[in-house]
Amino acid sequence: MAKPLKLDPDRLLPAEDRTRAIARELYREVAELPIISPHGHTDASWFSTNANWSNATELLLSPDHYIYRMLYSQGVSLDALCVPSKAGMPATDPRAAWRTFAEHLYLFRGTPSAMWLGHVFGEVFGFDVALDGETADFYYDTINAKLASDDFRPRALFDRFNIEFLATTEGPQDDLSAHHAVQASGWPGRVVTTYRPDAVIDVEHEQFHGALKIFAEKTGEDVYSWDGYLAAHAKRRTDFRAAGATATDHGHPTARTANLSKAEAAALFAKILGSDWTPADAELFRAQMLTEMAAMSVEDGMVMQIHPGSFRNHNGGLFASHGRDKGADIPMATEYVHGLKPLLDRFGTSTALSIILFTLDETVYSRELAPLAGHYPCLKLGPAWWFHDSPEGMRRFREQVTETAGFYNTVGFNDDTRAFLSIPARHDVARRIDCGFLAQLVAEGRLLDWEAAELAFELTNGLVRKAYKLDRA
Amino acid sequence: MAKPLKLDPDRLLPAEDRTRAIARELYREVAELPIISPHGHTDASWFSTNANWSNATELLLSPDHYIYRMLYSQGVSLDALCVPSKAGMPATDPRAAWRTFAEHLYLFRGTPSAMWLGHVFGEVFGFDVALDGETADFYYDTINAKLASDDFRPRALFDRFNIEFLATTEGPQDDLSAHHAVQASGWPGRVVTTYRPDAVIDVEHEQFHGALKIFAEKTGEDVYSWDGYLAAHAKRRTDFRAAGATATDHGHPTARTANLSKAEAAALFAKILGSDWTPADAELFRAQMLTEMAAMSVEDGMVMQIHPGSFRNHNGGLFASHGRDKGADIPMATEYVHGLKPLLDRFGTSTALSIILFTLDETVYSRELAPLAGHYPCLKLGPAWWFHDSPEGMRRFREQVTETAGFYNTVGFNDDTRAFLSIPARHDVARRIDCGFLAQLVAEGRLLDWEAAELAFELTNGLVRKAYKLDRA
Amino acid sequence: MAKPLKLDPDRLLPAEDRTRAIARELYREVAELPIISPHGHTDASWFSTNANWSNATELLLSPDHYIYRMLYSQGVSLDALCVPSKAGMPATDPRAAWRTFAEHLYLFRGTPSAMWLGHVFGEVFGFDVALDGETADFYYDTINAKLASDDFRPRALFDRFNIEFLATTEGPQDDLSAHHAVQASGWPGRVVTTYRPDAVIDVEHEQFHGALKIFAEKTGEDVYSWDGYLAAHAKRRTDFRAAGATATDHGHPTARTANLSKAEAAALFAKILGSDWTPADAELFRAQMLTEMAAMSVEDGMVMQIHPGSFRNHNGGLFASHGRDKGADIPMATEYVHGLKPLLDRFGTSTALSIILFTLDETVYSRELAPLAGHYPCLKLGPAWWFHDSPEGMRRFREQVTETAGFYNTVGFNDDTRAFLSIPARHDVARRIDCGFLAQLVAEGRLLDWEAAELAFELTNGLVRKAYKLDRA
């Protein structure tokens, strides 16, 4: 007999009665607030074309490395899960892949993916039985039927999810046509882009030279000279702002910054364009570019997001067969105190600049990030990120950051996801965990109830709006 | 008046009522399951000879650096505790040493040693008064009398402890005679060995050259040539498998691996056999040997355990006077992401290989180990180890590992102990903490009760059996 | 209408009923014990002159970088807060600065500063309305009036706070006249100094050469020769002991130690006195001096405190305009295992030496510090420090340290503050958190109630007295 699927209305709130009662009150006031998603990886063309998605496997499984990495780690092949390789989509029947997924769903017990999937299945699709091997076909057919309906087109879900603001992420090579189409369509949904120039900054990125070529075409600048390269960035930042962007994003291996003289920077740029650069040159150039981007942000007001610390494509064999973004990015120890100093020595006392720092290395929460954000006017802390975007991860973030940085040097939640259907689930988890944390402070006499209520609103809506300059844009 | 000794039947379960009730249910189902101890340091000759142990001090105090290090840290001399130095056993009366221990038992308050000792005293020896200065002699006499009885011989305790599987650890120099004697004895207890070749791999180990000589004798191979050296390993691995081993164990200072060409490896081996190697050479050779051991594991199916990160014999003065394993091993920061990459680039996509990773550096739980194990088919995570094999340490392990790696990329508990009498205590602590962790997930709506029950069994019995290939061996 | 200010009598005790009841019992027994403050930065002249403080802003805001850094991080200028720059005190009206502070008090929600300020306002000044923009003037006037009264003179507060021992910190340049005046005054309060020689040890300190000159004058030694320099230290240590000091304090960037030969040390000293030293030389000299100080401590019995890991004056712009100690010190990753080994190889087995280790890098609690302190007789662990001197920070300290080091290798609490009025608040927070931690151990069956009661006393009074040798001095 199929097992029931039923979401606990008090899920993720603290177990202790008195604390739970406080948390429940706080959550009730923020549960239905609109979603502001200032950083993520959804596809703008979903909202420009508003086309129906095809099927459960292609929407929920094949593209989501959060999901298939777990089955892969237990010996299931990516082919069996319809994950495309460099040779294209495997011949696997999508329904068979869905069954394999369903049979392995138990692997996610205790993980945030289990919570997100439960929310998507129960709240978005309305299932009341759990997914497992027995119900796999029922799920597959039901989901596909719903995905083919008007109610499950991207714009309908955007409205149903009560999304007020959704940022995507594009590179300097992108023509932003999907965003322009959204803007021209008359649809009132606010879907904007974010400027993420990594591909034209990181010479170790396999697409660097190709990206640079498109960068030149899109801007008409001589991107092979230092001045032209910087001018091209400035032009594209203007393009992105015109498409609604309020922020840039930088996914470097480290948080290192540099502050070279113009002549030194130009010479370094010339070197990395050639063939005799070293990894140290590549790193120094990335470091210098963070400072150049900060200088442009001081001028144009774009908020900088720095997302360092991922060892990309760690699995050499898998990278060779399947390429990037296949669940093989592994966090590394990341240093901020020395790394950010050159940039901060130049702009640290500025209140015109706003930098949001993220980390995959939780050891820096209390040691480096909270003290930095608790001092520098230009620094704010992004929420628990990626592997740490989870109940325990979010709790550790609040416990380790709040006492030094306070709540007001943080920026609310962002979901950072390409799994559009899970966006409400992710924001709901964050709201529940934040309300639970605030409730604990109240229960322990560390915060008053009305302060907690104000903070619950700030953590859900106020801080993100201010940090990403949503009301000025 | 003597203070009572009474174990709280709910000890280590969460304090909050509802969570505790859930935990109690879970624990009830796993409390009496047989003990599987796949990694430890008991002495196989105990089970081959089945001789009585001598006295309380020689069994429980002199050999247990978990215990005497704490008294040493407070200024008690090792001589006063009957800890042998290089000059042999000190002249201290074992009874006097026991008294000194008893008078300092308060130092262990809040430590897992206090819990283990309480269990050993209360459950194994049946004391109902606490050990302190007043009861020291009563304890000493009672324990000695019991140790002299048939009920306290090693095999009787093995049965009473309900041990299903017990692995010891031996080096390539070992003739495995104790294991052969156990096997030949007709006694049905399953006591097996583990292949730990550190002494013939680590040229910085003070026994390296002596061990290598015995390695040659035991195998008849020319262990001073690269091919002969590898062949000797292969032979000894076969010997160890014949003595029941399912696993190897590698206690290196770091988790570094290497993937040299055969010529490079042979040249490096020749160098470390000479006298002009550097610490970097020693490290590179250890790194290369992890990859060589992985290659052999792919062939013979032995599970690899990697236990890195201990600075051995940190106290120079003590090492000079007392030698190794005297409680002066101190953990170091340990890096896995870059360290393991050469091995993983060679074998990372293999499902034939199984590597169990341990750490003394908790900062890598969420940052490195869980993401690695949540991706690579060949990687699993060993339980909280050594200093972290404790209630808080185990909780941190579950909290920091589960959300990214899931439960199914972990391998259950292992006690890693030479303190045989504490084995039930240690497994009991792990079962209680795991049930408490699962209960919290249930209480917070993150897991269903029947899922928690399945997981409690897996964490106690299922995962360890599979990870160490106990049913195939 | 003004919001009420009311301190929860159960604040910081665990929320769960049964645990809270245990904690309340424990706390009741230690709440009123005298304060022992063995490490801090109050001004001895307060107690020698016993003069009234001037006003709220100059006492509570301008000098307290714990406070004004938070407003600065949100864009409030230091000038607006009456924080002196190199050009002197800004022209801002102190009352206006106080108002600005009051209007931004919400920034501290969830931080220990909010708890300390609440205690100071409610308990020390007797306010029953909260500070905010509306009540700022009322607060300012009331505080100033009280500060002008006899009841709020330093000695009166010292008595009212029930302080039994208060250590300040002075450099080798200090003439200790304020301490001599306290001693000569007949006032029975025990206010003693601590020897902190950083300014004459750290050649990278901007005051190094000036400090060395005064060092020579104060001692009559040839401080520019290695022998004279060491003799000068010995002399000043004698002076400091005469002024009540029982301890030295060392605030180095790292925990590195060295053990050079006398000739090497003398040559290094000669080099750093010149102009061609490198940062590595400066670091090595600091490292060597920790070992030299340990050698002197073995002789004179002074307890060594090592406070490493702060990147001082990180904000280059602010350091240029405002100088040091302006809230811009940021913690760094700090290594102890290799760092301390040279010193420990020389003195590690000594029971004559006592070193108290602190850290700003919490990752070393369980990995390095607890194992080191749980082994070496000469090592003890200082309490959670600076950014971690907070409810969550203290809990992490106990959770991560206790299981390996035990309670008895720790040294009680110290407030490390220059904010004299907050001393009772800070000790009260520590007592509450410690009682809550002990209560949790009792509630989970990990500690007996009478053991917890003994430990509550030890953590409040017993351990600090022993660690700082207060009864021998």
Side-chain angles (χ1 to χ4, degrees), chain A residues 14-19 22 333 335-338 340-342 344-351 362-368 370-380 398-400 402-409 437-448 450-452 454-455 458, chain C residues 3-4 6-17 20 65 69-70 72-77 104 106-115 130 309 311 314-318 321 326-334 359-363 386-393 395-396 432 436:
Chain A
E16 194 273 319
D17 281 341
R18 196 157 48 91
T19 315
I22 301 167
E335 202 279 340
Y336 293 79
V337 179
H338 295 86
L340 294 176
K341 189 162 165 54
L344 291 171
D345 276 343
R346 187 152 155 208
F347 299 114
T349 60
S350 168
T351 53
E362 295 182 305
T363 67
V364 303
Y365 283 161
S366 71
R367 187 181 63 216
E368 305 181 21
L372 285 166
H375 169 73
Y376 280 103
C378 62
L379 296 181
K380 299 280 174 291
R398 291 286 176 213
E399 287 169 0
Q400 293 175 30
T402 306
E403 294 185 320
T404 292
F407 288 106
Y408 292 86
N409 283 309
F437 180 72
L438 292 168
Q440 196 191 330
L441 295 185
V442 174
E444 293 182 359
R446 296 156 70 184
L447 198 66
L448 297 173
W450 64 268
E451 293 175 314
E454 280 188 20
L455 283 165
E458 286 297 325
Chain C
K3 299 203 164 61
K6 193 168 172 312
L7 300 181
D8 181 345
D10 283 333
R11 64 191 180 279
L12 297 174
L13 304 186
E16 194 272 319
D17 281 341
R20 174 166 287 195
H65 59 68
R69 71 171 181 90
M70 185 66 94
Y72 178 77
S73 81
Q74 289 276 318
V76 179
S77 78
H104 290 83
Y106 69 94
L107 296 176
F108 293 97
R109 288 170 183 170
T111 72
S113 294
M115 310 268 335
F311 190 124
H314 189 271
N315 186 331
L318 190 71
S321 62
K326 291 295 176 296
D329 297 346
I330 310 291
M332 299 179 285
T334 307
T359 196
L360 293 171
D361 178 358
E362 295 182 306
T363 67
W386 198 337
F387 296 106
H388 311 314
D389 168 18
S390 60
E392 300 292 343
R395 282 178 187 160
R396 286 195 294 271
R432 289 170 180 273

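Bear in mind that the values here come from a model prediction, so they are computed numbers and not experimental data.
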Heavy-atom contact with chain C under 4.5 Å, split by part of Thr351(A) = side chain
Among Gly316(C), Gly436(C), Pro331(C), the residue with the most heavy-atom pairs under 4.5 Å to chain A is Pro331(C)
Pairwise side-chain contact, Phe108(C) with Tyr408(A), heavy-atom cut-off 4.5 Å (strictly under) = no
Side chain, backbone, both or neither: which part of Thr404(A) has an atom under 4.5 Å from a heavy atom of chain C?
-> both
Can you say whether His388(C) sits under 4.5 Å from chain A via the side chain, the backbone, both, or neither, judging by heavy atoms?
-> side chain
Part of Glu335(A) lying under 4.5 Å from any heavy atom of chain C = neither
Determine the interplanar angle of the Trp386(C) and His65(C) rings, folded into 0 to 90°, and report it as parallel if under 30°, tilted if 30 to 60°, perpendicular if over 60°.
-> tilted
Should Arg398(A) and Glu403(A) count as side-chain neighbours, where that means a heavy-atom distance under 4.5 Å?
-> no
Given the options Gly374(A), Cys378(A), Ala405(A), Ser350(A), which has more heavy-atom pairs under 4.5 Å with chain C than any of the others?
-> Gly374(A)
From the list Leu13(C), Leu7(C), Leu107(C), Asp8(C), the residue making the most non-hydrogen contacts under 4.5 Å with chain A is Leu107(C)
Using a cut-off of under 4.5 Å on heavy-atom pairs, state which of Met115(C), Lys6(C), Gln74(C) scores highest against chain A.
-> Gln74(C)
Under 4.5 Å from a heavy atom of chain C, the part of Glu451(A) involved = both
Validation row: Asn315(C), Tyr72(C) side chains within 4.5 angstrom (heavy atoms) | yes
Residue part contacting chain C, namely of Leu372(A), when any heavy atom lies under 4.5 Å = both
Cationic N near anionic O, under 4.0 Å, Arg432(C) to Glu444(A) = no
Does the side chain of Asp361(C) come under 3.5 Å of the side chain of Thr359(C) through a donor N or O and an acceptor N or O?
-> no
Under a 4.5 Å cut-off applied to non-hydrogen side-chain atoms, are Leu441(A) and Leu455(A) in contact?
-> no
Side chain / backbone / both / neither for Met332(C) at chain A, heavy atoms under 4.5 Å = both
Part of Lys3(C) lying under 4.5 Å from any heavy atom of chain A | side chain
Turns out that what part of Pro9(C) lies under 4.5 Å from chain A's heavy atoms comes down to neither
Can you find a pair of side-chain heavy atoms, one from Tyr376(A) and one from Leu340(A), that are under 4.5 Å apart?
-> no
Taking side chain as C-beta onward, heavy atoms only, is Arg109(C) less than 4.5 Å from Glu454(A)?
-> yes
If you tally heavy-atom pairs under 4.5 Å against chain C, which of Pro377(A), Gly445(A), Ala333(A), Pro14(A) wins?
-> Pro377(A)
Please flag which part of Glu16(C) lies under 4.5 Å from any non-hydrogen atom of chain A: side chain, backbone, both or neither.
-> both
Looking only at Leu448(A), Leu438(A), Asn409(A), most heavy-atom pairs under 4.5 Å shared with chain C are made by Asn409(A)
Looking at side-chain heavy atoms only, is the closest gap between His314(C) and Asp329(C) below 4.5 Å?
-> no
Go through Gln400(A), Gln440(A), Lys380(A), Glu368(A) and name the one with the most non-hydrogen pairs under 4.5 angstrom from chain C.
-> Gln400(A)
Does the side chain of Thr402(A) reach to within under 4.5 Å of the side chain of Tyr365(A), using non-hydrogen atoms?
-> no
Which bit of Ala373(A) is near chain C, if near means a heavy-atom gap under 4.5 Å: side chain, backbone, both or neither?
-> backbone
Is the backbone of Arg11(C) close enough, under 3.5 Å, to the side chain of Arg446(A) for a donor and an acceptor to pair up by distance?
-> no
Check whether Thr363(C) gets within reach of chain A through its side chain, its backbone, both or neither, counting any heavy atom under 4.5 Å.
-> side chain
Checking heavy atoms, do the side chain of Ala452(A), its backbone, both or neither come under 4.5 Å from chain C?
-> neither
